Each structure stands twice: as structure tokens, then as C-alpha cells.
Amino acid sequence: VSTNTIIGKSMPLADAPGKVTGRGKYADDLVVPGMLYGMILHSPHAHARIRGIRTDRAEALPGVKAVITGKDAPTPYGVLPIGHDECAISVDKARYVGDNVAAVAATSREIAEVALGLIEVDYEVLPAFFDPLESMKAERGWIHDTKPHNIEKEYHHEFGNPDAALGAADFVREQRYYAGEINHAAMEPHSTLAIWEPDGRMTVYSSTQVPYYLHRTLAEVCEMPMSQIRVIKPLVGGGFGGKSEVIPLEITAGVLAKKARQPVKITYTREEVFYAHRGRPITVIDLKMGITRAGKITGVAARVVQDGGAYCGYGPVTVLYSGALLGAIYDIPSVRYDGYRVLTNKPVCGAMRGHGTVNVRFAFEAMLDALAHDAGLDPADVRRQNMLKAPCVTVNGLRVTSYGLPECIEKVVERSGWNAKRGKLPAGKGVGVACSHYVSGAANPVVRSNMPHTTVHLKIDRDAAVTLFSGASEIGQGSDTMQIQIIAETLGVRPERVKLIAADTELTPVDLGSYSSRVTFMAGNACIEAAKNMRAQIYAAVAKRLGCDAAELESRGEEIVSKKNPALKMSFDAAVVAAIDFHGALVASGAYTPPEESRGGRFKGAGVGPSPSYSYSAQVAEVSVDTETGHVTVDRIVVAHDCGKALNPLAVEGQVIGSVYMGMGQALQEEMVWRNGRLMNPTLLEYRIPTTLETPQIDCIIVESIDPEGPFGAKEAGEGSLAATIPAIANAIYDAVGVRIDSLPITPEKVLAALQEKRKKSSTNGGAR
Amino acid sequence: LGKELIELRVNGEMRELAAPAHKLLLDVLREDLGLTGTKRACDDSSCGACAVLVDGVPMLSCVAIASCYQEAEITTVEGIAPPGSLDPVQTGWAEAGGSQCGFCSPGFLISAKALLDRNPNPTLEEIREALSSNLCRCTGYMQIYDSVKNAIERGKAIRAAGRENAGSRA
């Protein structure tokens with residue numbers, strides 16, 4: 001029986017008061033005296049050599065304080081050590097429409113805008129590559145000279161014996177799936193305020209998920225020691241991966257501030273956000289899978305091509321995740337994966353919620369549904385036939401410590417009325433099931449090192465306020481609140497007593513950032529360790545004062561109490577004073593490093609995919625299809641997510657439902673539409689994220705498998721459910737009207753075309769369905 | 001860049017400022033009056049993050065010229081409750097998970113406030129309809145509905161307490 005009083009209870013987000021009153025500050029809300037407005041000049045060409053730039057007319061404009069071009073910050077950078085191919089401002093070539101070719105800082109936005117118009121760029125337009133399948137065949141004129149045939153990276157993995165396994169299957173399918181490109185569309189456009197300090201240091205406020213990576217990159221590009229730069233993350237208005245690597249404006253603001261010796265703020269327009277991008281790439285998936293008559297998957301083989309855009313970014317990680325997570329959700333003995341990350345003259349793709357797993361999961365779960373129908377089996381049963389048995393290690397070397405997927409499937413089957421509805425709903429209505437999983441942080445950091453992935457410090461002064469210093473980045477997912485809960489629970493005090501100083505590189509130790517759903521697992525464990533270390537110091541002093549053994553003390557309800565003799569106790573305030581008197585000062589630290597055995601295999605590319613723990617999700621979608629218009633309405637989604645332990649059920653439900661929502665948008669209506677490298681819909685009016693009117697009832701069920709290494713048993717909750725939503729909807733459409741749409745988004749046009757095709761076939765076959 | 005004197009009544013206070021005649025209400029609120037609660041998120045009137053109440057009606061400040069609203073009563077998120085207190089919609093949002101990243105919250109709060117002011121007990125369909133011009137990328141809207149329902153209950157309790165007080169005075 002759990003004795004927790006804070007963990008496991010719903011708690012409103014600690015930063016909610018600032019968010020509901022308008023008092024909370026996001027980067028663009030910040031203003032400092034003497035602040036200049038920065039603006040960036042973007043390339044109108046998809047691929048062009050920059051023969052020369054004239055900036056003298058812009059520099060001469062009154063109010064203009066700095067103009068920069070590529071030569072002002074020529075150090076290339078990138079989030080991966082193998083991908084330092086990007087400069088804040090392009091040095092030699094523009095590689096996509098929107099690439100950065102110059103920037104200005106001026107006393108007003110109006111002057112900055114006029115100045116941009118006075119910059120003259122001499123371009124030599126080059127042939128450009130837009131289609132990834134064509135781009136990878138290119139023999140010359142490559143986007144980067146160092147990347148032959150425009151292939152950023154390719155990986156080839158084989159486990160077990162896929163050919164024999166597929167040959168032995170009773171039912172085999174092989175086909176191509178396609179997923180269009182999508183954008184995070186976080187509500188807050190990126191913004192950075194770089195302040196050049198009078199003492200030659202720099203302070204940077206930025207809308208980032210990764211203050212530490214920004215800190216490091218600013219130091220490299222601005223050629224300053226890290227010790228002279230301070231990065232502070234204010235409130236961040238959503239990330240979803242779009243702020244999980246350094247974005248050009250962040251470096252550009254720093255370079256401008258350094259040149260102008262003044263504060264500079266740059267805020268992207270929504271159009272600039274779309275071109276800065278880093279979203280989920282166009283993905284072409286050639287999939288082959290086989291099952292036995294009983295529904296056991298014998299093997300799977302996938303060839304995946306991702307359209308990465310013009311620079312490396314997180315690309316190799318994305319394409320590796322697609323392979324690592326392809327089969328690892330189930331017990332599949334044979335897996336083959338061929339992954340290609342291809343460069344094109346388009347904005348850079350990157351990490352987006354469910355990084356790398358979403359599009360291949362769509363293909364896999366849609367094909368598994370079709371195979372289940374081939375075999376005359378219930379698709380939910382087929383999934384039950386292929387469960388892992390934790391603890392175990394998957395065929396590609398991923399260690400699974402807890403596995404709540406069977407319970408997730410049972411729960412959604414029961415709650416959705418699956419058995420009564422599948423194949424039995426009225427014409428035009430249907431249900432579909434699918435599963436997904438995700439990492440609880442990467443076991444290997446992007447830069448190989450032995451440093452902890454998270455460190456936190458705690459201090460308590462005589463006022464008995466508990467202050468936590470943590471580099472973890474709250475971006476709306478609830479990580480501040482999670483850390484406060486863990487510290488309060490472990491110290492046995494009220495959450496109100498805990499104050500959090502977060503994500504300020506001058507005050508807080510390194511945390512790698514808010515991405516790959518790592519923060520609850522890693523910062524959570526670090527917080528437990530710090531609080532235990534703090535508790536031990538308090539117990540030592542209290543034991544001496546009370547004349548008892550420290551081992552018999554426990555901390556609960558704002559008191560330190562003897563478990564042997566409850567009459568022996570001391571209030572937390574008194575205990576803190578006693579401990580400070582005893583130790584001189586009260587500080588403690590905690591850190592988390594993933595265990596060696598969680599870090600995966602030894603083959604090339606084995607570093608991506610391993611995680612200390614995995615979350616699991618199952619979903620049933622219920623849809624209505626209008627056969628006249630092809631329009632699909634999602635009526636309801638039931639989701640069950642295994643998050644290990646829900647530290648804050650309110651926040652977990654918010655994360656899971658939010659993931660399902662985003663998956664639904666990708667499934668039915670979101671797509672970045674390109675024409676010759678130009679985005680046709682760079683606005684929220686035309687890039688349509690779902691409103692209240694399209695979003696269905698989403699019922700969330702929390703499954704708690706209690707992970708042996710997670711903080712209080714917790715693991716990932718913020719991403720893993722997204723991937724299952726898309727195939728659940730696609731499979732429900734098949735149940736409703738008998739057509740399979742293998743291309744995302746599933747637009748009315750595609751549904752209508754498939755229905756017409758089906759009618760044509762059935763009429764030539766002279767029969768009904 | 002010629003400026004003209006503009007007088008605006010914002011959150012119950014008369015404010016004077018000099019701004020170009022074409023300056024947007026959103027920019028005046030954020031830059032001239034320091035009311036940064038109202039957010040810019042889309043540039044094209046598609047997201048609702050910049051909504052403010054103009055004479056009690058939600059309006060998008062990113063497509064409103066400030067100088068045209070000199071006769072109006074403008075309320076921003078900072079002004080929907082007196083300092084130090086929270087409107088039931090604000091408490092509802094904070095308690096029920098209506099804010100994750102919080103960037104859309106000011107606009108949603110304005111829309112929700114306007115809804116509950118004209119209809120204190122809306123159905124779920126009425127809530128969905130009233131909030132359909134605001135985009136949220138975090139919540140999937142479910143906890144936003146919970147937040148509105150929380151605010152409805154709070155509103156009922158406040159009105160019941162008010163009636164009780166009135167009754168006891170009588």
C-alpha cells in the first residue's frame with residue numbers, strides 16, 4: 001500500500017497562476033532598455049550560390065546598429081557532432097527558400113524591415129532538389145559537397161533471418177506507405193532576446209527546450225567561453241520538438257548583440273516559424289510483413305526514405321529511431337531495416353513529438369490490421385499474440401524493464417465496446433485498434449560523454465524554504481510541478497514549501513533538455529537522490545538532538561518522526577535549524593545517468609533507440625465516413641497509456657490526450673504543401689490544426705506498470721500515444737467503408753478516390769463487397 | 001512615421017499614448033501599455049491568442065486598428081478580475097489543466113469569460129462552439145472543457161452565496 005501523499009495525486013501546474021493572469025513572461029514579452037529589434041533576410045531561392053552581398057546602404061540607414069552576413073559568424077554548428085553543417089547566416093550558398101542570408105538590428109521593427117530591403121544579394125541560382133526519391137539519385141550539383149548523392153546518412157540493420165521468416169509466414173503483405181510533412185505549430189512563435197552586458201558577458205533569454213545546447217552553441221559560434229554566457233529559459237509556449245535544437249534566430253540574435261554591443265530581440269513571424277521548421281519529414285515506407293495463421297508475426301522488413309531538407313539537424317537520429325522502434329514494441333524475431341536520410345532544398349526537418357516512430361508505426365499498424373483481416377483474425381487478438389514478456393531484451397538490443405501493453409489493449413477493448421462494434425456498426429461507421437510505444441529519454445546522449453544526463457541541487461536556509469536548482473526545461477508538459485512533487489514527497493513537506501529555480505545556466509546545473517520524453521525519468525530520479533541526500537543530513541542532526549538513531553527517523557507531514565517512538569519528533573522548521581547548526585550549511589545534490597545495461601547493442605547506429613524504459617499505448621478510434629464527400633469524422637478515441645506510475649494524473653492525462661489530438665491532426669488534416677521548395681500554406685489559417693469542432697471525445701485510461709528504475713515507478717507520458725492514433729483512425733476507416741488509405745493525411749479526396757476505385761472493382765467483378 | 005494621440009479605456013483605466021495611426025491594438029497593448037498577457041501567435045487572425053473583450057465581445061486585437069477603439073471599453077486578460085483576485089474562469093483553467101504551455105490561455109480565457117457572462121450554464125456543445133475560434137496545440141481541448149465546467153460550478157456557488165447574503169439581509 002502506497003503511503004505517498006503527493007505523488008499520484010492530481011496537482012495543478014505550479015506555473016498556472018502566471019499563465020491564467022497574463023503575468024507570466026514568455027521571451028517576446030521581455031523588453032529591456034536600449035533593446036534593438038532584429039530581423040533576418042531570407043533567401044527567395046531554393047538553391048543558390050551567394051556571389052556577393054552589399055550591406056552599405058542598410059548600414060547607412062539611421063537607426064540601424066548592426067548588419068551581419070555569413071562572414072560575421074562562420075563557425076558551423078549542428079545538434080549532432082556528425083552534423084555541423086549549418087551556419088547562423090549562410091556563408092556560401094542558400095540551400096532552401098527561407099535560408100538565412102543576412103540580418104539587421106535596428107531601433108525599431110519598421111527601420112529593420114526597411115534596412116532588409118536595402119541589402120543587395122547577388123545570387124547564382126542553382127538546380128534544386130525537391131523530391132527525396134529523385135534527390136538521392138543525383139549525380140552532381142549536390143546540396144553539400146561532402147554528401148554524395150544528397151544522402152545525409154543511411155543505415156542497414158538486420159536481426160534474426162528476415163527472408164526465411166517472411167518466407168515461412170502464412171500471410172504476407174508488401175506495399176508502400178507515404179506520410180506528408182507536418183509542423184509542430186506550437187502556439188508561441190520562436191523568440192530570442194540576447195543582451196550584451198556592459199562587462200562583456202552575454203545573457204540570452206530564449207524560447208528553447210534545450211538551454212544547455214543553446215549555451216554550448218552560442219559559445220562556439222560567438223567565440224566566447226561558456227562561462228561568459230548565461231542562457232535563461234523563460235516560459236515557453238509549447239515545443240513539441242520545434243525548439244529542441246538551436247534555431248537560427250537564437251544564434252543570430254547573439255551575433256547581432258555582440259556586434260551592436262546592445263540588447264537585440266528577434267521574434268519570428270508565423271511564416272518564419274514554418275520555414276525554420278524542424279518538423280516531421282515526408283516519409284516513404286516500403287514495408288513487408290508476415291504472420292502465421294495464428295497471428296504470430298514472423299518478421300518485418302522496411303525500407304524508409306525521409307526527406308530531411310537542406311541540413312543535417314537531428315536527421316540521423318530520426319531515421320535511426322524509425323528502425324529501432326519499428327519492431328521493438330512486439331516480440332518479433334526477425335527484423336530488417338534500411339533507412340535513408342536524404343537532403344533536399346527545403347527547410348530542415350527534425351524532431352517532432354514521437355520522434356522517428358510515428359510514420360513507421362502508421363505503416364506497421366495499418367499493415368498488421370490488413371494481415372489480421374487476411375487471416376480472419378480479430379486485430380486486437382493479433383496484437384495479443386505478439387506480446388513481449390518483460391523483463392527482456394528485444395532482438396535489436398533494447399532492454400524492456402516494464403511492459404503494460406497487454407493491460408492497455410484489454411482496457412481499450414473493454415472501454416470502447418470493441419467486441420460489440422468491430423464489423424457490426426451501421427454502414428459508414430467503424431472502429432480501429434492500434435498500439436505504439438516510446439522511449440523515456442535516450443540512454444545515450446547526442447554528444448558521447450560520461451557526464452550525468454541531469455544534475456540538480458537543493459538548498460535549505462534558516463527560513464526552511466526548500467529551493468531546488470534544476471536545469472530541466474518546463475515547456476508546458478509539467479516538469480516543474482513534477483520535480484516539486486518529488487522533492488516534497490521525499491522530504492515529507494508541503495509542495496508550497498518547495499521553490500524551483502529552473503533552466504538558468506548561471507544558477508542551475510546541466511540538464512540535457514526537454515526532448516525524447518526524458519525529464520520525468522531522469523530529472524525525477526535526480527530529484528529523489530538529492531532529496532534523500534538532504535534528508536540524511538537532516539536526520540543526522542535530528543537524531544543527535546532527539547537522542548535516537550537516524551535510521552529510525554522518517555519525514556512526513558512536515559515533521560521528522562521516530563518510527564519506533566512516534567512521541568519523538570521535531571517539526572520540519574526546527575529540524576532545518578538543527579541541521580544548519582549541526583552541518584554549517586544545508587545543501588545536497590542528485591544526478592542521473594542511465595545504467596550501462598540500458599545503452600543498447602554495439603552495431604553502427606545502435607546508440608539511438610536504447611532507453612532506460614519504454615512507455616506503451618493502445619487505442620481504439622471510432623469514425624464516421626461520409627461516402628458522398630469522403631469526409632472522415634472521428635467520433636471518439638479511447639486511449640490507454642502505460643506511464644509506469646502517474647506522478648500527477650492531471651498532467652499525465654493532459655499529455656496523453658494532447659498526443660492523441662496531435663496524431664489526429666496528422667491523420668486527417670495537417671500537411672505542409674510544397675511547390676518548388678516554396679511552402680503553399682505557411683499560416684495557421686491554411687495549415688489547419690484541429691479546432692474544438694474537429695476534435696472528438698478522447699477518453700484516457702492510465703495504466704501503471706511500475707517501472708523498477710523509474711522515479712516512483714514512472715516513465716514516459718508525453719509522446720508515446722501519438723503514433724497509435726493515426727493507424728487506429730486509418731483502420732477504423734477500413735472497418736467503416738472497406739478502403740485502406742496508405743497515404744497521410746487521409747483527406748476526403750483520397751477517401752473518395754479509394755471508394756470510387758472500390759466501386760469500379762466490385763462492379764467489374766459483378767458483385768457486392 | 002507620424003504619430004497621433006490615442007486615448008483608450010483599458011481594464012477600466014483611461015490611457016493616453018502616441019502611436020502611428022495604423023498601429024494595431026495588439027501592438028499598442030503589448031508595446032505601449034505593457035500588457036503582454038495578450039499574445040501574438042499567428043499574424044492572420046486564425047488562432048485567437050490575441051483576443052480581448054471590446055464592450056464585452058471577444059475580438060481579435062491583431063486585426064484591429066487601435067485608434068478606432070477610442071470610445072470602447074477594452075478588457076485584456078490582465079483585467080478580467082481585480083488585482084489579487086481571480087475570475088472563476090482563471091481558477092478553473094489553473095485547477096483543471098486548461099493551461100499547459102499557457103500561450104493560448106489568455107485568448108481562451110477571454111472567449112470563455114464572454115461565454116459565461118452571457119450564458120452562465122452552457123452545454124458542452126455551446127462551449128465547443130464558443131471556443132472554436134481559439135487554437136490550442138497542447139491540450140486536445142478536453143481539459144479546457146473541464147476548466148470551463150469548473151468555472152461554471154464556481155460561478156453557481158458564487159451566485160448562490162450572493163443570493164444567500166441578499167436573503168439574510170432581507
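Numbers restart at 1 for each chain; the letters A, B, ... are given by sequence-line order, proteins then strands. Just so it is clear, the model here is predicted, and its values are computed rather than measured. These numbers come from the heavy atoms of this one structure, side chains and all, not from hydrogens, waters or symmetry mates.
The structure places CG of B:D43 at 5.5 Å from OG1 of A:T269, a figure rounded to the nearest 0.5 Å. Here A:L685 contributes atom CG and B:S45 contributes atom OG; the two are 6.0 Å apart, rounded to the nearest 0.5 Å. In this structure, the separation between OG on B:S46 and CG on A:L684 is 4.5 Å, given to the nearest 0.5 Å. Distance CE/A:M187 to SG/B:C138: 9.0 Å, rounded to 0.5 Å. Rounding to the nearest 0.5 Å places CD of B:Q143 at 8.5 Å from SG of A:C700.
Contact between A:K19 and B:P106 at its shortest, heavy atoms only, is O-CD, 4.4 Å. Of all heavy-atom pairs spanning B:M142 and A:I657, the tightest one is CG-CG2, 3.5 Å. When all heavy atoms of A:P12 and B:A94 are compared, the pair lying nearest together is CB-O, 3.2 Å. Residues A:Y661 and B:C136 approach most closely at OH-O, 3.2 Å, considering heavy atoms. Looking at every heavy atom in both residues, A:V236 comes nearest to B:C101 through O-CB, 3.6 Å.
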If you apply the rule side-chain contact (heavy atoms from CB on, under 4.5 Å), what do you find for B:E129 with A:L693, and how did you get there? CA-CA 7 Å; B:E129 184 68 35; A:L693 300 180; 4.2 Å; yes

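Inter-residue side-chain proximity for B:Q100 and A:Q655 is flagged as met; some heavy-atom pair is nearer than 4.5 Å. For the pair A:T692/B:Y145, a side-chain contact is recorded, criterion being any heavy-atom separation below 4.5 Å from C-beta on.
Options B:T76, B:T38, B:V77, B:D146 differ in how many heavy-atom pairs under 4.5 Å they form with chain A, and the most are formed by B:V77. Chain B forms the most heavy-atom pairs under 4.5 Å with one residue out of A:T683, A:I698, A:D15, and that residue is A:I698. Counting heavy-atom pairs under 4.5 Å between each of A:G476, A:S10, A:G478, A:S659 and chain B puts A:G476 at the top. Ranked by heavy-atom pairs under 4.5 Å with chain B, the first of A:P696, A:A16, A:G658 is A:G658.
Atom CD of B:E13 has 12 or fewer neighbouring heavy atoms from other residues, nucleotides or ligands inside a 6.0 Å radius. Counting non-hydrogen atoms of other residues, nucleotides and ligands closer than 6.0 Å to CD of A:E113 gives a total of 12 or fewer.
When heavy atoms are compared at a cutoff of 4.5 Å, A:E474 does not approach chain B at all. Contacts between B:I80 and chain A at a heavy-atom distance below 4.5 Å are absent for every atom of the residue. Of the atoms belonging to A:F274, not a single heavy atom falls under 4.5 Å from chain B. Residue contact with chain B, scored on non-hydrogen atoms closer than 4.5 Å, involves the backbone and the side chain of A:Q697 alike. B:R128 touches chain A through backbone and side chain together, each having a heavy atom under 4.5 Å away. Using a 4.5 Å cut-off between heavy atoms, A:E653 contacts chain B through both its backbone and its side chain. If you measure heavy-atom distances from B:S132 to chain A, the contacts under 4.5 Å come from both the backbone and the side chain. When heavy atoms are compared at a cutoff of 4.5 Å, B:L109 approaches chain A solely by way of its side chain, counted from C-beta outward. Contacts of B:A96 with chain A are made by backbone atoms alone, with heavy-atom separations under 4.5 Å and no side-chain atom involved. For A:F240, the part lying near chain B is the side chain, with the backbone staying farther off; criterion is any non-hydrogen pair under 4.5 Å.
One finds a salt bridge joining A:R109 and B:E31 here, because a Lys/Arg side-chain nitrogen approaches an Asp/Glu carboxylate oxygen to under 4.0 Å. Ion pairing between A:E110 and B:K23 fails under the 4.0 Å rule for side-chain N and carboxylate O.
Judged by distance alone, the side chain of A:E188 and the main-chain N or O of B:F103 form no donor-acceptor pair under 3.5 Å. Using modelled atom types, one side-chain atom of B:Y141 and one backbone atom of A:P690 make a donor-acceptor pair closer than 3.5 Å. Judged by distance alone, the side chain of B:R137 and the main-chain N or O of A:A186 form no donor-acceptor pair under 3.5 Å.
Residues from residues 21-31 of chain A that place a non-hydrogen atom less than 4.5 Å from a non-hydrogen atom of chain B comprise A:T21, A:G22, A:G24, A:K25, A:Y26, A:D28, A:D29, given in numerical order.
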